[in-house]
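Numbers here simply count residues along the sequence, with the first being 1.
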Amino acid sequence: MGALIRASTPQQNMTSPKINGHQLELFAQDFFAALEPAAKSPPPPPQPLFKAPPVPPRPTIPTSPRSPDSPPLRRIQLGAHFLEFELRRSTRRSIGFMIDDNGLRVTAPRRITLAEIDTAIRAKQRWILNKLHERGERRATREERPPVRWTDGAQLPFLGGDITLRIEEAPRSHCVFDGEARILRLGVAPGLSEWQLKERVKIWYQAEARRLFAERLDLYAEKLGVRYASMALSSAGTRWGSCTVGGNIRLNWRLVHFALPLIDYVVAHELAHLLEMNHSPRFWAQVGSVYPDYEGARAALRQRSQELPVLFD
């Protein structure tokens with residue numbers, strides 16, 4: 001007879017430990033966690049071998065100082081910059097832009113709308129922003145320079161060189177210049193304060209400027225074949241001269257700090273406006289006819305204006 005084969009069962013005396021479901025789940029978690037690679041922290045960024053110095057912030061765009069009765073400034077966005085500017089109305093035929101240490105000033109005919117003015121500014125925004133940044137950098141450079149110490153032996157700029165200030169006690173204040181020795185002798189009366197001393201030197205500078213400018217204007221007016229109506233001194237921040245249609249010329253008295261060729265350039269420039277009231281090629285041809293190296297003088301004047309010490313607030 002065929003044998004009946006049955007599956008064998010464990011014997012009753014062979015026992016195994018019992019594992020419940022909770023223990024099995026914990027075991028599985030530990031097992032698979034061991035198989036996973038440990039999480040790696042991100043490597044630190046590579047350090048430069050040589051640390052570059054921080055880039056200094058660019059000076060802010062200058063803005064015109066305002067008094068309580070000043071008209072409000074207009075505001076326009078040019079790229080990432082919000083620019084405030086002074087708007088003036090006049091009888092001129094076109095829109096004019098003037099940039100100095102006080103920011104942007106726009107002069108426009110009364111018939112021009114505000115929208116048209118904003119459009120004209122945006123059309124020249126690259127030039128305007130570059131000039132404003134240049135002005136801001138110049139002003140920051142000047143402010144970093146220490147002011148002149150008003151003591152005996154101080155060096156003061158005059159006609160492209162230095163003169164020595166000699167302070168002497170005197171019964172009455174006086175100011176005498178020795179051109180050969182390049183010494184400015186300042187007589188100081190008892191009780192004279194520093195601001196009065198500075199004011200006395202400024203008066204001397206302005207008197208020298210008035211005398212010298214009149215001589216140079218007469219010389220270059222004859223060369224250009226023009227006649228000017230009047231000459232007055234200006235104390236503008238950085239504008240060296242101006243000329244009106246009526247022939248009224250204003251020259252910044254601080255020009256006496258510079259060498260005579262730079263003064264002559266400004267004089268020739270303003271007188272040439274009596275022939276061409278613009279900065280067209282025809283205007284520069286007039287300047288060049290009496291002052292050929294006007295481009296070099298213009299660059300030198302810009303450079304020297306940044307190098308002068310701070311004399312007066």
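- With sequence neighbours excluded, no residue satisfies side-chain hydrogen bond (donor to acceptor under 3.5 Å, both in side chains) with W127.
- In this structure, T107 and M98 have side chains that are not in contact, with every pair of non-hydrogen atoms separated by 4.5 Å or more.
- I263 places a side-chain heavy atom less than 4.5 Å from the side chain of L159.
- Residues H257 and L311 have side chains in contact (heavy-atom distance under 4.5 Å, counting atoms from C-beta outward).
- Contacts classified as salt bridge (Lys or Arg N to Asp or Glu O under 4.0 Å) and involving residues 215-230 (residues at least two apart or in different chains) are given here: R211-E215, R216-D264.
- Heavy atoms only, all atoms of each residue included: M231 and R210 are closest at CE-O, 3.7 Å.
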Task: H269 vs Y291, ring pair (Phe, Tyr, Trp, His ring centres under 6.0 Å): CA-CA, chis, key distance, verdict - done: CA-CA 9 Å; H269 182 118; Y291 198 102; over 10 Å; no

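- Two residues are said to be in side-chain contact when any heavy atoms from C-beta on lie closer than 4.5 Å; T91 and R93 fail this criterion.
- Ring geometry for W204 versus F158: interplanar angle of 30 to 60°, hence tilted.
- Between L255 and V267 there is no side-chain heavy-atom pair separated by less than 4.5 Å.
- The CG atom of L165 sits 6.5 Å away from atom CG of L197, with the distance rounded to the nearest 0.5 Å.
- Looking only at distances, a side-chain donor or acceptor of Q77 sits under 3.5 Å from a matching main-chain atom of G79.
- Pairing each heavy atom of L274 with each of T244, the nearest pair is CD2-O, 4.1 Å.
- Put simply, L219 and V266 are part of the same group of oily side chains (I, L, V, M, F, W, Y) that touch within less than 4.5 Å, one to the next.
- Linking Ile, Leu, Val, Met, Phe, Trp and Tyr whenever their side-chain heavy atoms come within less than 4.5 Å leaves V201 and V176 in two separate clusters.
- Between F97 and F85, the ring center distance fails the sub-6.0 Å criterion.
- Here the closest non-hydrogen pair linking V287 and A268 is CG2-O, 4.4 Å.
- Enclosure of atom CZ in R282 is not indicated, since only 12 or fewer non-hydrogen atoms of other residues, nucleotides or ligands lie within 6.0 angstrom.
- Screening residues 163-178 for side-chain hydrogen bond (donor to acceptor under 3.5 Å, both in side chains), with sequence neighbours left out, gives D152-R166, Q155-T164, E168-R185.
- Looking at L251 and S234, their side chains never come closer than 4.5 Å, going by heavy atoms from C-beta outward.
- Of all non-hydrogen atoms in A209 and L233, the two that sit nearest each other are CB-CD2, 4.3 Å.
- Across R149 and A154, no two heavy atoms sit closer than the pair O-CB, 3.4 Å.
- Taking the six-membered ring where the residue is Trp, the centroids of W240 and F258 are separated by under 6.0 Å.
- Under a hydrophobic-cluster definition in which Ile, Leu, Val, Met, Phe, Trp and Tyr are linked whenever side-chain heavy atoms come within less than 4.5 Å, directly or via other members, W195 and I167 are assigned to different clusters.
- The shortest heavy-atom contact between N248 and S230 is OD1-OG, 2.8 Å.
- Annotation: side chain of I183 is not in contact with side chain of I163 (no heavy-atom distance under 4.5 Å).
- In this structure the side chain of H133 reaches within 4.5 angstrom of the side chain of H81, judged on heavy atoms.
- In this structure a side-chain-to-backbone donor-acceptor pair under 3.5 Å is missing from R92 to P109.
- Ring planes of F283 and H273: parallel class, angle under 30° (limits at 30 and 60°).
- Not one N or O on the side chain of Q206 forms a donor-acceptor pair closer than 3.5 Å with the backbone of I203.
- Judged by distance alone, the side chain of R182 and the main-chain N or O of D162 form a donor-acceptor pair under 3.5 Å.
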